[in-house]
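Accompanying notes for the structure given below.
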Amino acid sequence: MSTDTTGDLFEEIDLTPSPQLLEALGDIPYKPWQCLAELIDNSFDDFLTDPDRSEAQEVWITLPKPTDDDPIVGLLDNGRGMSPEMLQSALKAGYSGKRRYGSLGLFGMGFNIATARLGHHTEVRTTRAGDPDWLIVEIDLRRLAQNDSFRTPLRREPKRDVSDHGTEVIVRRLRTEIAEDLKKANRHASVRADLGRVYSYLLRGENPIPGVPDGPMAGRGFRLKVNGKTVSPRLPCVWSASRTVTKEGREIAAVRSVDIALASALACMKCGHWQSPDLALDRCAECDGDDMQLRERRIHGWFGVQRYLDESDYGIDFLRNGRKIRIGDRSLFSWENPNDGTQVPEYPVDIPATQGRIVGEVHLDHVPVGYQKTDFNRESRDWRHAVFALRGEGPMRPKKAKTLGYALNASPLGEIFKGYQENRPGAGCLIPGNGSTAIHETARDWGAKFHSGKHPEFLSDEIWYQAVLAHDDNRGNGGATTRPTGNGGADGPSLTGRTGLTPLGGAPAGSSDQTGTAPTPTPISTPEPEPVETEEQRFERYRTDARQIFDLTGEVTLPRLGRKAVTVYETSAPLLDDRERPVPSLARLGKGVNLEVFVYGEHLVFREYGRDPRDYALMEIAQTLHAFEPDGQKVTAVAAEVTRQFPDQRVTESALRDRAGSVLGRVRELMTPIVVPMANELWEAVPEVVRLRAERDAGRADASLDWPTVVKDGAFVAHLDAAGIAAVVRMRPAAFLDGAVFTTSWSGWSDTAVKDRQVAQTVRPLEVVSEFLTDPGAKTRLELSLARITFDMLEQSVAGPV
């Protein structure tokens, strides 16, 4: 019993928690990788504050193997180690021996939750360079509970090498469910993958991706191994910063750095709380701590464009002190209406199959996170301000922003959205294609190779970019192969070959000169024998006059017949087999598993019979694999299996609907600036049924639209369906043909009947597309094939690259 200064008597109550509290912490549902991350955070915190980086900073993790009778989980780092005082503070439950400002971990509570979740007995060993001993502490949760005490002895063990330094944590008597989980097949690989994703920034070195500036992508180069295998950082598979698209006359790069300076504030070095220096507080308003320091704050990182689209693999990663807290977050892709708090999705709503490709990494070191480090405090002022700074105040969609009275969104994310929200194959949107449609499946397959780290040829974006260029090249030639012109031939570029004149004004051989003097007869020489072309030279000639068909390039693996790395070329040089007989296609096995396939695009079977060169390429692949068939299976069955390995070749209803959405989006984009000056007049002239369908579509897309304003501004074009577009073109062909939207010529014809036919040829594919999209019934194979041909015709008639 005590007496205070006023003389009142009072009693004290011992609030020391029961040791059973530590074991109860183990019931918090942390996943194994989260437990490991709590321990790794402490090591990386030490690395981040270590000014001496003369040696590689490494962490080694040990996980149980299936054959272990006494499984353990261990962590060893080569950090600076701890003194006895630091160790005591670090292990005390609920105590942070480190300052929370600028730290990944919270050694006290995070350490206890992680180790208690893993097992019942933890041993910590630590030493500093120059110290004579290892300091060793054992935390036996069950013994502590039995003794009802938090006290545990500190042992010292002499070091063999006084220069040793670091900390080791070993957890024994693992919880049964944890041990069984970590012993599962491929579990170590999944743990490495999780850690590689969470610590991507800290694990990667400088300039990890060719073509992307060091600044936003460069990491810290820490090393992490799990059971001897290196944890590889999951690198962002983004286009190079040098790749651009042009929107409204401006080039928009595929990577945009973010560096937003915020006002400096007072950081509480104890709890990490920020507060304004204008408040002139001596102590922290959150924890009453007295260690307040003025610190700079900023939001930094990058936004970029992934080389492939995916239904789930996209979004923004948010980091705090280098560790990813949110991965693939898409909250910035919606706009919150301040009037009613509703969320309006903006991306990827305009892209078929709702697949996205905008990604990014943003560091928010000043925004508080939850104790499990799985999310930021989204109600905090700092988070809401970051959202405003990164994606702007108003909608990112220009028409939506204008309709609601907001200025054009020029935020960092708004700029990337503006350039890359669309999904049209070709250089206009940086989407790989095959000349008629996008090759999303193939691009994703290449992305998988990039992430595997086993295919260095996919590290740069060159193969994706070549597929982008090949699409436009094929489109620009009406689907025909681009053929380089040879030098010196009758059709070649040399002056002699094209005009019959010599380059210097001399006379061609066999003709009189300008003085009328007969030319001196040229001695007839015996011609040199034609050199025999080798097989290697022949195939090199095929490659020289070829374009690569990227959507058929990749691995083909059949269970019984092995694996082939296939490269397909469409060549303009006639193909000959080994006996010099003309053939439409050829296959050639190379070194290892490489297989080259050539198809002659000008062969009669393609030109006159409408066959697709891709089908013949697939037959060549199947024929090659069929040679290894041990069970006598028909080659057509093998061909079917090979075909199924290229999902981009599907002619399914859903694939065709995606394709229709892409080409109609392009048509609407070209029509919009033409419609704006005559919006009211055109709207009044279109049939009532077209107006009703457009209005219904707008209502479904955005219930808050001001429809009269949309009509007045000409933005109703975005809601015209295929039949509506056809109706508008019929009404005003002079505005939309002759290359304005469609390549069909119109104004140059004087005969009215010819003009009418030109219009009919343009709008008929649109009407067929409309019938296809509005017919809910199942389609037959022939109907799908007809739709595909119609889409080909429509795409061929749209002006510019599609």
Side-chain angles (χ1 to χ4, degrees), residues 193 196-197 200-201 203-219 221 230 232-246 251-257 301-310 313-314 317 356-361 416 419-420 423 425-434 438-474 482 543 546-555 565-569 590-594 596 648:
R197 186 184 291 267
S200 171
Y201 166 74
L203 293 178
R204 66 189 187 228
E206 296 182 354
N207 194 22
I209 304 174
V212 178
D214 292 354
M217 290 289 177
T230 299
S232 300
R234 192 177 195 275
L235 301 176
C237 183
V238 293
W239 286 102
S240 162
S242 64
R243 308 296 187 197
T244 62
V245 298
T246 302
E251 287 195 346
I252 300 176
V255 174
R256 180 188 172 102
S257 297
W302 56 271
F303 291 124
V305 183
Q306 198 164 250
R307 301 171 194 167
Y308 57 88
L309 284 91
D310 196 273
D313 186 14
Y314 69 99
D317 298 343
R357 57 174 177 153
I358 294 179
V359 296
E361 287 183 337
I416 288 289
Y420 300 92
N423 181 30
C429 294
L430 279 184
I431 295 284
N434 59 14
I439 52 170
H440 298 312
E441 294 281 355
T442 301
R444 270 194 294 277
D445 180 58
W446 294 343
K449 288 182 169 61
F450 170 93
H451 288 302
S452 74
K454 300 177 182 177
H455 302 271
E457 66 272 26
F458 289 93
L459 190 57
S460 80
D461 62 13
E462 189 60 27
I463 189 169
W464 283 268
Y465 193 62
Q466 289 302 317
V468 168
L469 297 180
H471 174 84
D472 286 346
D473 185 46
N474 201 18
T482 301
R543 296 188 198 95
R547 71 176 181 92
Q548 195 170 336
I549 301 179
F550 287 96
D551 53 314
L552 288 182
T553 294
E555 286 190 358
V566 179
T567 305
V568 178
Y569 299 94
K591 294 181 180 178
V593 296
N594 293 322
E596 290 183 315
D648 279 324

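These numbers come from the heavy atoms of this one structure, side chains and all, not from hydrogens, waters or symmetry mates.
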* Donor-acceptor contact present, side-chain Thr244 to main-chain Ile252, <3.5 Å -> no
* Show your working on side chain to side chain contact (heavy atoms under 4.5 Å, CB included) between Arg234 and His451 and close with a plain yes or no. => CA-CA 7 Å; Arg234 192 177 195 275; His451 288 302; 3.4 Å; yes
* Closest heavy-atom contact between Thr553 and Thr442? -> O-CG2, 4.1 Å
* Can you tell me if Asp310 and His440 form a side-chain donor-acceptor pair at under 3.5 Å? -> no
* To do: Flag the pair Ile463 / Phe458 as yes when at least one side-chain heavy-atom distance between them is below 4.5 Å, and no otherwise.
  => yes
* Asked: Taking the six-membered ring for Trp, are Trp239 and Tyr465 parallel (under 30°), tilted (30 to 60°) or perpendicular (over 60°)?
  -> perpendicular
* **Tyr308 and Trp446, any side-chain heavy atoms less than 4.5 Å apart** => no
* Ser242 backbone acceptor or donor facing Ser240 side chain under 3.5 Å -> yes
* To do: Specify the closest pair of heavy atoms between Leu309 and Arg444, including all atoms of both residues, with the distance to one decimal.
  => O-NH1, 2.7 Å
* Asked: Do Ile358 and Gln306 have side-chain heavy atoms sitting under 4.5 Å apart?
  -> no
* Any idea which heavy atoms bring Ala241 and Ala253 closest together, and the distance? -> O-CB, 3.6 Å
* For the residue pair Pro432 and Ala443, what are the closest heavy atoms and their distance? -> CG-CB, 4.3 Å
* To do: Using modelled atom types only, decide if a donor and an acceptor are shared between the side chain of Arg307 and the backbone of Val238 within a distance under 3.5 Å.
  => yes
* Return yes if some donor-acceptor pair links the side-chain N/O of Arg547 with the main-chain N/O of Ala470 below 3.5 Å, else return no. => no
* For residues Val305 and Ile416, determine if any side-chain heavy atom of one lies less than 4.5 Å from a side-chain heavy atom of the other. => yes
* **Pairwise distance CH2(Trp302) to OG(Ser257) - rounded to 0.5 angstrom** => 10.0 Å
* Asked: When you measure from the side chain of Asp317 to the backbone N and O of Glu361, does any donor-acceptor pair fall under 3.5 Å?
  -> no
* To do: Provide the closest heavy-atom pair for Leu203 versus Gly196 in the form atom of the first, atom of the second, distance.
  => CD1-CA, 4.4 Å
* Asked: If every non-hydrogen atom of Gln548 is compared with every non-hydrogen atom of Tyr569, which pair is closest and at what distance?
  -> CA-CD2, 4.3 Å
* Structure fact -> Sorted by chain and residue number, the salt bridge (charged side-chain N to carboxylate O under 4.0 Å, His left out) partners of Asp445 (sequence neighbours excluded) come out as Lys449
* Applying side-chain contact (heavy atoms from CB on, under 4.5 Å) between Ile439 and each of Ile549, Asn434, Leu552, report the one that passes. => Asn434
* Indicate yes or no: at least one non-hydrogen side-chain atom of Phe450 is less than 4.5 angstrom from one of Trp464. => yes
* Asked: Which residues pass the side chain to side chain contact (heavy atoms under 4.5 Å, CB included) test with Glu457, sequence neighbours left out?
  -> His455
* To do: Might you work through the side chain to side chain contact (heavy atoms under 4.5 Å, CB included) test for Ile431 and Arg357, ending with a clear yes or no?
  => CA-CA 10 Å; Ile431 295 284; Arg357 57 174 177 153; 3.6 Å; yes
* Answer yes when Glu251 and Arg256 have at least one side-chain N-carboxylate O distance shorter than 4.0 Å, and no when they do not. => no
* **Note, Arg243 side chain near Val255 side chain (heavy atom, < 4.5 Å)** => no
* Asked: With sequence neighbours excluded, what pairs up with Arg197 under the salt bridge (charged side-chain N to carboxylate O under 4.0 Å, His left out) test?
  -> none
* To do: Please tell me if the side chains of Pro233 and Tyr201 come closer than 4.5 Å, counting only heavy atoms from C-beta onward.
  => no
